[in-house]
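Quick notes on the structure that follows.
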Amino acid sequence: MQHKVKLTVIDKKLYLELQAKYCADPNSGMCPCYNVGDEFVFERYGTADDFWHMGLNTLKQTVHTAEGTAGGSVFPHCSEAWDAISRYIYAGLQGGSIMRGWMNDERVMIACCSDGTRPVIFKIERMDYKVLYIDGINCDKCKNKIKDCLKKIDGVTDVVFSGDYVEVYLQNEIEDEALRQHTEKAGPYTVTRIL
């Protein structure tokens, strides 16, 4: 089983009275690095190692396209945020429990950066998936047939074709043989490897 971590900005707060009293610039305002709705995906598969690069190029969706958006192509995550969230991202990328016993799903954590005057609140989710290498895929129709068959398995949440392999996202553990059988039932396809 492989793991990715999805990081979503779910809220931003601003404490004007604290900024006015303590900040060098009393009108600093909201955090300029993140926007509510920003989504980042961290991977550690193949040549990708987004954790090692502090999340550079992990930004997948934003409502704001300024060059300085955290996790974009210009700079990685803000150091205050990275200090607070990196341990959860690392645990998720390794397939570990992000916060067992505290959250109702151990694959999820709600955390915030350590800026006390303008904190950003993040939802951190471990995404579990298996990688299937399949011979015989020749067109989009083949991909759709395989996707439809795999999505019939209870616990499969998504199927994404990525280059020469397929990522099958799972809500719970599913045996490799079940994935193989459903794929090969879709047509003249052969699963050559599952990781």
Side-chain angles (χ1 to χ4, degrees), residues 1-129 157-160 162 167-172:
M1 176 118 40
Q2 307 297 319
H3 312 281
K4 293 183 185 182
V5 173
K6 180 177 172 184
L7 178 72
T8 306
V9 177
I10 59 173
D11 204 357
K12 290 170 60 167
K13 300 293 184 190
L14 176 60
Y15 299 103
L16 292 171
E17 68 283 359
L18 295 175
Q19 281 189 354
K21 186 172 182 179
Y22 297 107
C23 289
D25 176 0
N27 299 310
S28 298
M30 296 286 258
C31 170
C33 300
Y34 298 97
N35 309 287
V36 173
D38 284 355
E39 288 185 0
F40 308 86
V41 176
F42 288 77
E43 296 185 54
R44 285 189 111 178
Y45 184 77
T47 60
D49 192 348
D50 297 326
F51 184 84
W52 189 74
H53 297 289
M54 286 182 57
L56 186 64
N57 293 317
T58 57
L59 181 65
K60 303 300 181 198
Q61 174 181 310
T62 185
V63 295
H64 183 63
T65 56
E67 279 293 308
T69 302
S73 60
V74 175
F75 72 93
H77 287 270
C78 157
S79 61
E80 291 298 312
W82 187 250
D83 185 52
I85 62 177
S86 62
R87 63 180 154 258
Y88 304 120
I89 292 169
Y90 187 77
L93 286 171
Q94 302 306 313
S97 170
I98 296 178
M99 193 49 71
R100 180 177 298 167
W102 176 244
M103 307 303 290
N104 60 17
D105 182 344
E106 70 177 25
R107 296 172 299 172
V108 175
M109 178 61 182
I110 304 301
C112 67
C113 74
S114 55
D115 187 326
T117 69
R118 57 183 187 184
V120 176
I121 295 115
F122 301 95
K123 179 181 180 185
I124 305 162
E125 303 170 78
R126 186 186 85 212
M127 302 183 322
D128 302 330
Y129 68 104
T157 59
D158 201 6
V159 177
V160 177
S162 181
E167 297 173 343
V168 181
Y169 289 86
L170 310 171
Q171 190 172 23
N172 49 277

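Count residues from 1 along the sequence. Quick note: numbers below take in every heavy atom, side chains included, and nothing from hydrogens, waters or symmetry partners.
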Quiz item: Given side chains that start at C-beta, do those of H77 and T58 come closer than 4.5 Å, heavy atoms only?
Solution: yes
Quiz item: When rounded to the nearest 0.5 angstrom, what is the spacing between CG in D158 and CD in E167?
Solution: 9.5 Å
Quiz item: Are M103 and S97 close enough that some pair of their side-chain heavy atoms sits under 4.5 Å apart?
Solution: no
Quiz item: Rounded to the nearest 0.5 Å, how far does OH of Y129 lie from CE of M1?
Solution: 11.0 Å
Quiz item: Are the side chains of L14 and Q19 in touch, meaning some heavy atoms are under 4.5 Å apart?
Solution: yes
Quiz item: In Å, rounded to the nearest 0.5 Å, how long is the span from CE of M54 to OG of S79?
Solution: 6.5 Å
Quiz item: Going through the distances and angles, do L59 and F40 end up as a side chain to side chain contact (heavy atoms under 4.5 Å, CB included)?
Solution: CA-CA 4 Å; L59 181 65; F40 308 86; 3.3 Å; yes
Quiz item: For the residue pair G72 and L56, what are the closest heavy atoms and their distance?
Solution: O-CD1, 3.1 Å
Exercise. For S28 and C23, work out which heavy atoms get closest and say how close.
Key: OG-CB, 4.2 Å
Quiz item: So how far is it from C113 SG to K13 NZ, rounded to the nearest 0.5 Å?
Solution: 12.5 Å
Quiz prompt | Side chain to side chain, K6 and E39, heavy atoms closer than 4.5 Å | solution = yes
Exercise. Tell me whether the centres of the aromatic rings in F51 and W82 are closer together than 6.0 Å.
Key: yes
Self-check item: Heavy-atom side-chain proximity of Y90 to R44 below 4.5 angstrom
Solution: yes
Quiz item: If only atom types and distance count, is the side chain of K123 paired as donor or acceptor with the main-chain N or O of I10 below 3.5 Å?
Solution: no
Quiz item: Side chains of S114 and E80: do they bring a donor and an acceptor to under 3.5 Å?
Solution: yes
Quiz item: Checking side chain to side chain contact (heavy atoms under 4.5 Å, CB included) for the pair V5/I124: CA distance, chi angles, key distance, verdict?
Solution: CA-CA 7 Å; V5 173; I124 305 162; 3.6 Å; yes
Practice problem: Examine the side chains of T62 and D38 and answer whether a donor and an acceptor come within less than 3.5 Å of each other. | Solution: yes
Quiz item: Would M109 and R126 satisfy side chain to side chain contact (heavy atoms under 4.5 Å, CB included), going step by step from the backbone distance to the final call?
Solution: CA-CA 9 Å; M109 178 61 182; R126 186 186 85 212; over 6 Å; no
Quiz item: So which heavy atom on D50 is nearest to which on V41, and how close?
Solution: OD2-O, 3.6 Å
Quiz item: Where is the tightest heavy-atom contact between S73 and N57, given as atom of each residue plus distance?
Solution: CA-OD1, 3.1 Å
Quiz item: Are the aromatic ring centres of F122 and Y34 under 6.0 angstrom apart?
Solution: yes
Quiz item: About how many Å separate CG of D115 and CG of D83, when rounded to the nearest 0.5 Å?
Solution: 12.5 Å
Quiz prompt | Verdict with reasoning, K4 to E43, per side chain to side chain contact (heavy atoms under 4.5 Å, CB included) | solution = CA-CA 5 Å; K4 293 183 185 182; E43 296 185 54; 3.5 Å; yes
Quiz item: Between K12 and V9, which heavy-atom pair has the shortest distance, and what is it?
Solution: CG-CG1, 4.4 Å
Quiz prompt | Contact check, side chains of Y22 and T117, non-hydrogen atoms, under 4.5 Å | solution = no
Quiz item: Is it true that atom CG of D25 has more than 12 heavy atoms of other residues, nucleotides or ligands lying nearer than 6.0 Å?
Solution: yes
Exercise. Find out whether V108 and E125 are in side-chain contact, i.e. whether some heavy atom of one side chain is under 4.5 Å from a heavy atom of the other.
Key: yes
Self-check item: Considering all heavy atoms, the nearest A20-P26 contact
Solution: CA-CB, 3.8 Å
Quiz item: So, Y15 and E17: side-chain donor and acceptor under 3.5 Å apart, yes or no?
Solution: no
